[in-house]
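All of these numbers come straight from a predicted model, not from anything done at the bench. Below, chains carry the letters A, B, ... as their sequence lines are ordered, and counting in each starts from 1.
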There are 4 protein chains.
Amino acid sequence: MFPIDARDSRPIYEQIIDQIKEQVMKGILKPGDQLPSVRQLASMLTVNANTVMKAYTELERQEVIETIRGKGAFIAMMPSKVISEKQIIEVRKALKSSFVAMHYMGMSKQEVMAEIEKIYDELSKEEE
Amino acid sequence: MFPIDARDSRPIYEQIIDQIKEQVMKGILKPGDQLPSVRQLASMLTVNANTVMKAYTELERQEVIETIRGKGAFIAMMPSKVISEKQIIEVRKALKSSFVAMHYMGMSKQEVMAEIEKIYDELSKEEE
Amino acid sequence: MFPIDARDSRPIYEQIIDQIKEQVMKGILKPGDQLPSVRQLASMLTVNANTVMKAYTELERQEVIETIRGKGAFIAMMPSKVISEKQIIEVRKALKSSFVAMHYMGMSKQEVMAEIEKIYDELSKEEE
Amino acid sequence: MFPIDARDSRPIYEQIIDQIKEQVMKGILKPGDQLPSVRQLASMLTVNANTVMKAYTELERQEVIETIRGKGAFIAMMPSKVISEKQIIEVRKALKSSFVAMHYMGMSKQEVMAEIEKIYDELSKEEE
DNA sequence: GTGGTCTAGACCACT
DNA sequence: GTGGTCTAGACCACG
């Protein structure tokens, strides 16, 4: 379904969260679509069920998905737009940190911008 | 000297690393400039000396600073240029993750781009 | 598991690093093999866990091992190939220093060469 | 006189010791030759006099030089040939460590051997 | 004074 | 269980 890298420094449950959000953004997953069950996804990704559970719980908290008892988990109908100040500060810090890192990798602002465009293209392009 | 946020999810030593790199990028710290000693910075930030030590060690490894035995730590003369494939992949993932997060915060690509410009301005503007 | 000499002038964490690299080179440890956990190795060697941690962190940075969160540390699949100019200069200095020392011990070039062959044999010979 | 690198990881006093031994080995300094005084050498190298003192003391202990009160320091007449088991073990460890490092830098045994020959050539060639 | 190593022990995040 | 961060405090080598 999607690639999980156990060697990645980012925790697996976070990778799952991001992958699902990404698929929604790309339109691969649409509002109302049903997600695989915790156990199913766990066996697909060969990770622990608790790890998937943690991802789903967090996704629900963020209102990206909705879980209905006895039915399963579904992509939420209404995209959440509650933006907390905290989140904005967090993402700004993350961006700044990335830019400093890229600067130290010898990339000019232009090169960084090109990289950003590239990533944005990927995100809007629907993949199989 | 610079702000350390104990409640931040990122480890303290990483925050120190980023702050110093940022100050170099802004031109506040220039090649050859002496950094505060490990113990000094530790007491300034009210963190443990070992934590500062860890940051300095990593900065030296990245060739951002040079330490001279018995003398102290200094901003490196030669900007480092060693880039590993791993680093590039990491930073791309980080960017993508930020963009997905911003999308979920309801920001359009244009708004994201404006945000990026703003952060870049901050990074090139010398602060007091 | 392997010998650590507290009286050795070289730091313990460096001795651990070298021992593990040596075992990989000899083929005793193979790509994918799991290493003892930080705490296990610490108690085996009767050193502090932080000391072993430091060694593992550095080995990961050098891409000799990979650590997987919650699972443990493993010998890396891909042999690392990142070489910095600095490292080459360092190792040349170390060699020169050794040769000067051996000369002062009254060893001729031939004797030195014989010694080198002997050490190389040891390194390629798989030990129990 | 000879190059001292404060940024080098090796202590300055050790660099001085090695440089003097190297010059003796190359024949630039011959038995009976007078060395510069501690203060002279210190100012030549722009290092602390205590540091040079430490180097001279160690060189005398190793019987590489002889100091005569009121006269100065001289290269020893008899090359010392006392070899302690300890020294041999030390130098073997150093060599092994270098070889492992070179192996990890992707150098084959042949390449290492070529490197060794090169260093040996340098050591026998009298320089200005 | 400086950096660097090491210990002991706590606490956290992840699986 | 695993690695990872952090503190507090000791001791050493170097200049």
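- If you take CG of Leu41(B) and C1' of dG3(E), they are 14 Å apart, rounded to a whole angstrom.
- Between the CD atom of Gln34(C) and the P atom of dG1(F) there is a distance of 14 Å, rounded to whole Å.
- A 6.0 Å sphere centred on CE of Met25(B) holds more than 12 heavy atoms belonging to other residues, nucleotides or ligands.
- The phosphate of dG3(E) (OP1 or OP2) has no side-chain N or O of Arg69(B) nearer than 4.0 angstrom.
- Between the Thr46(D) side chain and the Ser43(D) main chain, no donor and acceptor come within less than 3.5 Å of each other.
- Residues Pro3(A) and Gln19(A) have side chains in contact (heavy-atom distance under 4.5 Å, counting atoms from C-beta outward).
- The stretch residues 48-61 of chain D has no heavy atom under 4.0 angstrom from DNA chain E at all.
- Each of Val47(C) and Leu35(B) was assigned the nucleotide of DNA chain E with the nearest heavy atom; the assignment lying further toward the 5' end belongs to Leu35(B).
- In terms of the side-chain hydrogen bond (donor to acceptor under 3.5 Å, both in side chains) criterion, residue partners of Arg92(C) (sequence neighbours excluded) are, by chain and number, Glu115(D).
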Sequence neighbours excluded and cut-off under 3.5 Å, please list the side-chain donor-acceptor pairs for residues 96-103 of chain B, or say none.
unit_1: Lys96(B); atom_1: NZ; unit_2: Glu22(A); atom_2: OE2; d: 3.1
unit_1: Ser97(B); atom_1: OG; unit_2: Asp18(A); atom_2: OD2; d: 2.7
unit_1: Ser98(B); atom_1: OG; unit_2: Ala94(B); atom_2: O; d: 3.2

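- Remark: Thr67(C) is not in phosphate contact with dG3(F), judged by side-chain N or O atoms under 4.0 Å from OP1 or OP2.
- The side-chain contact (heavy atoms from CB on, under 4.5 Å) with Leu59(A) is formed by just one residue from the set Leu35(A), Ile75(A), Ile17(A); it is Ile17(A).
- For DNA chain E, no neighbouring residue in residues 10-21 of chain B is found when judged by any heavy atom under 4.0 Å.
- Applying the side chain to side chain donor-acceptor pair (under 3.5 Å) test to pairs two or more places apart or on separate chains, those with a residue in residues 50-60 of chain D are Asn48(D)-Asn50(D), Glu58(D)-Arg61(D), Glu58(D)-Gln62(D), Glu60(D)-Thr67(D).
- For DNA chain F, the stems formed by at least three consecutive Watson-Crick or G-U pairs, with both atom-pair distances below 3.5 Å, span E:1-14 with F:1-14.
- Here the side chains of Val47(C) and Tyr13(C) are not in contact, with every heavy-atom distance at 4.5 Å or above.
- The backbone N or O of Ala76(B) sits nowhere less than 3.5 Å from a side-chain atom of Glu63(B) that would complete a donor-acceptor pair.
- Counting heavy atoms from C-beta on, the side chains of Val24(A) and Lys21(A) never come closer than 4.5 Å.
- Taking only distance into account, the side chain of Arg39(C) meets the base of dG3(F) through a donor-acceptor pair shorter than 3.5 Å.
- Counting heavy atoms from C-beta on, the side chains of Ile16(D) and Phe2(D) come closer than 4.5 Å.
- Residues Gly70(B) and Ala73(C) both approach DNA chain F. Their nearest nucleotides, taken by heavy-atom distance, put Ala73(C) toward the 5′ side.
- Look at CZ on Arg7(A): it is 17 Å from C1' on dC14(E), rounded to the nearest Å.
- When the nearest nucleotides of DNA chain E are assigned to Thr46(C) and Lys71(B) by heavy-atom distance, the more 5′-ward of the two goes with Lys71(B).
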